[in-house]
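Structure first, commentary second.
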Amino acid sequence: MSRYNPREAEPKWQSAWAERDAFRAGGPDAGGKPKYYVLEMFPYPSGRIHVGHSRNYTMGDVVARYKRARGFDVLHPMGWDAFGLPAENAARDRGVHPGQWTYGNIEVMRKQLQRLGLALDWSREIATCDPAYYRHQQAIFLKLLEKGLAYRKTAKVNWDPVDQTVLANEQVIDGRGWRSGAEVEQRELDQWFFRITDYADQLTDGIEALDRWPDKVRTMQSNWIGRSRGAEVRFPLTDMDLAGRFGETIDVFTTRPDTLFGASFLALAPDHPIVRALAADNPEIARFTEECARMGTTEEEIEKAPKHGVDLGIKVRHPFDESWEVPVWSANFVLSGYGTGAIFGSPAGDQRDLDFARKYGLPVNPVVLPPDADAKTHTIGDEAYTGHGTIYNSRFLDGLETPEAIERAIEELEKRDLGKGATSYRLRDWLVSRQRYWGCPIPVVHCADCGAVPVPEDQLPVTLPDDVTFDHPSNPLERHPTWKNTDCPKCGKPARRETDTLDTFVCSSWYFLRFTSPWAEDAPFKPDDAERWMPVDQYVGGIEHAILHLLYARFFTRALNDCGLMSLEGGEPFAGLFTQGMVTHETYKSSGGKWLGPDEVEDRDGALVEVATGQPVTVGAIEKMSKSKKNVVDLDAFIESYGADAARWFVLSDSPPERDVEYTDSGVEGVWRFIQRLWTTVTSLPEGAPGPDSVAANAQGDALDIRRAAHKALKSVTDSIEGFRFNSAVAQIHDLVNAVRKFEPSDEAGIAAKAEALGILVRMIAPFIPHLAEECWARLGGEGLVIDAAWPEADPALLVEDTVTLPVQVNGKRRDQIDVAKGAAEDEVKALALATDGVARATEGLTVRKVIVVPDRIVNIVAG
RNA sequence: GCCCCUGUGGCGGAAUUGGUAGACGCGACGGAUUCAAAAUCCGUUUCCGCAAGGAGUGUCAGUUCGAGUCUGACCAGGGGCACCA
């Protein structure tokens, strides 16, 4: 019995595919085929690939190979998200240049991916740190600038004191930097922004059509944009003097204009311009704003901070009643960044407003009557009523339900020219400046006379200097002695280069477009190619990008449409999205408390010990494989022992693709056993048997059964792949292997049936374990390569049984079963069911009241 | 606090439209082979029970001839958002 040796077979087939140039998209044999674009989120070249990373690429590869077999012209490219801070950290820690470190990692990781046998079109490989890539990004930046979609402003921004750079709102998690984990500070700086808020509506509305995205991601995107419909209300200032200084009205945003008659105060954010101005000559207000500025920004601090405010001593008129004066306060719970930075307090209908009103003795006037409440007795205690209801105590709004009252109030505001319907968003513009070296330089020159001047397109790319130092945490470009000195492209006078680089998320916002024509020189991509391949039909990646990357990319395709760089219908870059789960592994700690890798521990007499010291090891939680916890299994080492197919099969087995899968040695052993069993099953077919695409039309009995099993498996495996249920496909393939293994053909017809079943099996496993599939295909005498074999079609006649076994239930409990011809008449089935022993026993002493026959499924007898 | 998801054997999980719950894999147990072991092969494996039988998909109700699947309430775990007006 020969064993399958992946170490020999895998490189052989990989060379065969390469020689055949099989995975080139739009290649010579693509003519007339429909396109299919499969993409996995491209990796950051951080070092080496471990088994955890491989799950993502394997899933994409199954789809790519399957679609290829189904006759699609498949684009399945790979590249490197190569800019980023880890390269600078490596430069600082080890004294290598970030570029050298990055390209070194790329070399290693490319080899690893190739060893995994991925069906990738390597002719389209890109790296975002290559000037050939980022020059186009600079050109895109200039286009956005021209369109007004990129702009510069002074703003309070998130400053990461460890990474010494600013961060986008999306990169601040619980008040901490997403990479460094350092508490983020607020700083006022001059920075570049992308006007993503211009697309807030489109980005929200577009979510609707993304029906092949996980609901979870759609909800997260929608929440992040946070669209609220309501009204902007203008409250006229009573003091003419102040009106002269600040404008005639104070504007607030509200989602509940129906509660305007419950207004008892206005509250402005502590850093609202009016508050700042008043603080200048009012010590009490000044003290308040200083206190607020000192307030921490972390979650707990905000949670714990009591409602706090100061009376500004000014008043506004109610928009619906000139004689009604409303006091204006500043309050610590009002955010300057949302809406207009001002609210009207309607304490009966908002908990924060109520807390505030109770603390400072402001009036609480209920105006919304809950559905089951009585207007005479309804009062507000310590709890606001935030729901909808019937409006009362509100003059012309009285008696209206909340939704109508909102409309009516807006109508009245518009009539009086004191407000209008308005929409507000949680989303802020995307801050793209980073004070880092290893990123795409922003192609702008600052001139004392001309201001910020774009670098003319024919002078692109603005390349990074190589001679930089990393002995200080601040921006190496800023510290470079000469790089920033240049001449103003407009007036020619000495000027200073922009030393900020672009957020690396900009690079990943359009790389999928570059893949469609990576050789384009005078444009980021060829519009024809982009339009042929886009949108990405199936995108595969981690849930951690549910907001950041996916939102930015959706913005980018729309912005590029509007800049005239392409016309992608609908503007959505990713038609289908799949978010795969991680590979997890136990964690280990030495007696000294250090993390240990799986190869540093071993089992000695039932106890885990550290190999090097023999000391006992503590087993920790099962967590996502990560370098920091050392619970990784290196891909090369794995392939060395078990082969690439085993790695691929393992990460697809057991757990559903969207959930995590735990790496265990016994699970890997199981995979190894399966691979060997599959090989022995294939080799058990006698020499001279019909080829793998033959049809054993004359099969009877056992032989017919094995044909049926193969065709049924084919149907369910096909459905499972289409539905991204790879774990189910794996189980169904196991089933078929078990069936074929047990089948011992006794004659020619049997051998033919087995050959047919194996032929189907081998073509079905090809997307999953392609090397073994080739080896089997060759062994079975298949023509050419299995990658060029078409996906088999299940014979519908073999999918239906002639006879079916029906369970017979009495009062919903299974008591017996009967074999009947498929489609047997109801009366016949009924009679057979009632005649069974099980039914006789179970209905003893009872009267049969009703017999339910579900044709070809079940019989249920109701007795009592 | 608000929103979303998930609860099925010792474990990962299957059951796609309401129709035989536990496919497939792991582990465990028994056996064959072997001087012995590894490897391999054959069986058993939801629980209680010798068996007949009974119970069983987080809990409690409900709809239905029939519920893992549908409805309501609750419990537990996970995720997202969070002074967002």
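Letters A, B, ... are given to chains in the order of the sequence lines, protein chains preceding strands, and every chain is numbered from 1. What you see below is based on every heavy atom in this structure, not just the backbone, and it leaves out hydrogens, waters and symmetry mates.
- Among the nucleotides B:rA23, B:rA85, B:rC65, the one closest to any side-chain atom of A:R352 is B:rA85.
- Looking at residues two or more places apart in sequence or on another chain, you find a salt bridge (Lys or Arg N to Asp or Glu O under 4.0 Å) between A:E801 and A:R708, A:K712.
- Between the A:R554 side chain and the A:L203 main chain, a donor and an acceptor come within less than 3.5 Å of each other.
- By the salt bridge (Lys or Arg N to Asp or Glu O under 4.0 Å) test, A:K830 is found to be paired with no residue, residues two or more places apart in sequence or in another chain being considered.
- Annotation: side chain to side chain donor-acceptor pair (under 3.5 Å) contacts of A:D819 (sequence neighbours excluded): A:T805.
- The heavy-atom pair separating A:L799 from A:H711 by the smallest distance is CD2-O, 3.4 Å.
- Nucleic acid contact for A:V334: base, since at least one base atom lies under 4.0 Å from a heavy atom of the residue.
- Distance noted for atom C1' between B:rG79 and B:rG31: 48 Å (whole Å).
- Protein atom CH2 of A:W649 is 14 Å distant from nucleotide atom P of B:rC24, rounded to whole Å.
- Using a 4.0 Å heavy-atom distance criterion, A:S666 is classed as a sugar-phosphate-only contact.
- Remark: the separation of the P atoms in B:rC47 and B:rG10 is 7 Å, to the nearest Å.
- Proximity of A:S228 to the phosphate of B:rA85: a side-chain N or O atom is located under 4.0 Å from OP1 or OP2.
- Closest to the side chain of A:K216, out of B:rG79, B:rA85, B:rC65, is B:rG79.
- Nearest-nucleotide positions on RNA chain B for A:G670 and A:R659 put A:R659 closer to the 5' end.
- Nearest-nucleotide positions on RNA chain B place A:T664 closer to the 5' end than the other of A:T664 and A:G812.
- One atom, CD of A:E586, and another, C1' of B:rG12, lie 14 Å apart when rounded to the nearest Å.
- A:D215 comes within 4.0 angstrom of no nucleic acid atom, judged by non-hydrogen atoms across all strands.
- Glycosidic conformation, B:rG9: syn, with the torsion inside 90° of 0.
- Backbone-only engagement by A:N738 is indicated by non-hydrogen atom pairs under 4.0 Å involving sugar-phosphate atoms exclusively.
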**Request:** Assign a letter to each nucleotide of nucleotides 47-60 of chain B from its 5' end: B, base within under 4.0 Å of a protein heavy atom; S, sugar-phosphate only; -, no contact.
**Result:** ------SSS-----
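- Atom P of B:rG1 sits at a distance of 50 Å from the matching atom of B:rC50, rounded to the whole Å.
- Within the structure, every pair that satisfies the salt bridge (charged side-chain N to carboxylate O under 4.0 Å, His left out) test and touches residues 249-275 of chain A, not counting sequence neighbours, is listed here: A:K156-A:D271, A:R256-A:D258.
- Checked against salt bridge (Lys or Arg N to Asp or Glu O under 4.0 Å), A:D201 has the following partners two or more places apart in sequence or in another chain: A:R227.
- Between A:L678 atom CG and B:rU40 atom P the separation is 15 Å, expressed in whole Å.
- Taking 4.0 angstrom as the limit, A:R673 places a side-chain polar atom (N or O) nearer than this to OP1 or OP2 of B:rC26.
- Applying a 4.0 Å cut-off to non-hydrogen atoms, the residues of residues 852-862 of chain A that approach RNA chain B are A:I852, A:V854, A:R857, A:I858, A:N860, A:V862, listed by residue number.
- For the pair A:K307 and A:F333, the cation sits on the ring face: its NZ or CZ lies under 6.0 Å from the ring centre, inside 45° of the axis.
- For the P atoms, the distance from B:rG27 to B:rA38 is 14 Å, rounded to whole Å.
- Listed nucleotides: B:rG19, B:rG25, B:rA23. Nearest to the side chain of A:Q809: B:rG19.
- Taking atom CG on A:L260 and atom C1' on B:rA85, their separation rounds to 12 Å, with Å as the unit.
- Comparing B:rC41, B:rA85, B:rA14 against the side chain of A:T254 picks out B:rA85 as the nearest.
- Among the duplex regions that RNA chain B forms, those built from at least three successive Watson-Crick or G-U pairs under 3.5 Å are B:1-7 with B:75-81, B:10-12 with B:24-26, B:27-32 with B:40-45, B:46-48 with B:53-55, B:58-62 with B:70-74, ordered by first number.
- On the C1' atoms, B:rG9 is 26 Å away from B:rA61, given to the nearest whole Å.
- Across B:rC81, B:rU16, B:rA85, the shortest atom-to-atom separation from the side chain of A:D719 is found for B:rU16.
- Separating the C1' atom of B:rA67 from that of B:rU20 is a span of 14 Å, rounded to the nearest Å.
- A gap of 13 Å separates the P atoms of B:rG68 and B:rU16, to the nearest Å.
- Rounded to an integer number of Å, the gap from A:R725 CZ to B:rA15 C1' is 11 Å.
- Below 30°, between 30° and 60°, or above 60°: for A:Y663 and A:F638 the angle between ring planes is above 60°, a perpendicular geometry.
- Comparing the C1' positions of B:rU59 and B:rG7 gives a spacing of 11 Å, expressed to the nearest Å.
- The side chain of A:N223 places no N or O atom within less than 4.0 Å of a non-bridging phosphate oxygen (OP1 or OP2) of B:rC84.
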**Prompt:** Do A:R841 and A:D837 pass the salt bridge (charged side-chain N to carboxylate O under 4.0 Å, His left out) test, and can you show the C-alpha distance, the side-chain angles, and the key distance before you say yes or no?
**Reply:** CA-CA 6 Å; A:R841 245 181 287 132; A:D837 293 346; 5.4 Å; no
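- Across the protein-nucleic acid pair, A:I343 atom CD1 and B:rC84 atom P stand 10 Å apart, rounded to whole Å.
- For A:D735, the salt bridge (Lys or Arg N to Asp or Glu O under 4.0 Å) criterion is met by no residue, not counting sequence neighbours.
- If you check every strand for non-hydrogen atoms under 4.0 Å, A:R741 touches sugar and phosphate atoms only.
- Under the rule for a ring-ring contact (aromatic ring centres under 6.0 Å, His included), the partners of A:H308 that lie at least two apart in sequence or sit in another chain are A:F288.
- Side-chain contact between A:L413 and A:L260 is present, with at least one heavy-atom pair separated by less than 4.5 Å.
- In this structure, the CG atom of A:D258 is 13 Å from the C1' atom of B:rA85, given to the nearest Å.
- Within the structure, salt bridge (charged side-chain N to carboxylate O under 4.0 Å, His left out) pairs that include any residue of residues 652-665 of chain A do not occur (at least two apart or interchain).
- Every residue two or more places apart in sequence or in another chain that forms a side chain to side chain donor-acceptor pair (under 3.5 Å) with A:E669 is listed here: A:Y642.
- Residue A:E658 contributes atom CD, which lies 10 Å from atom P of B:rU6 at whole-angstrom precision.
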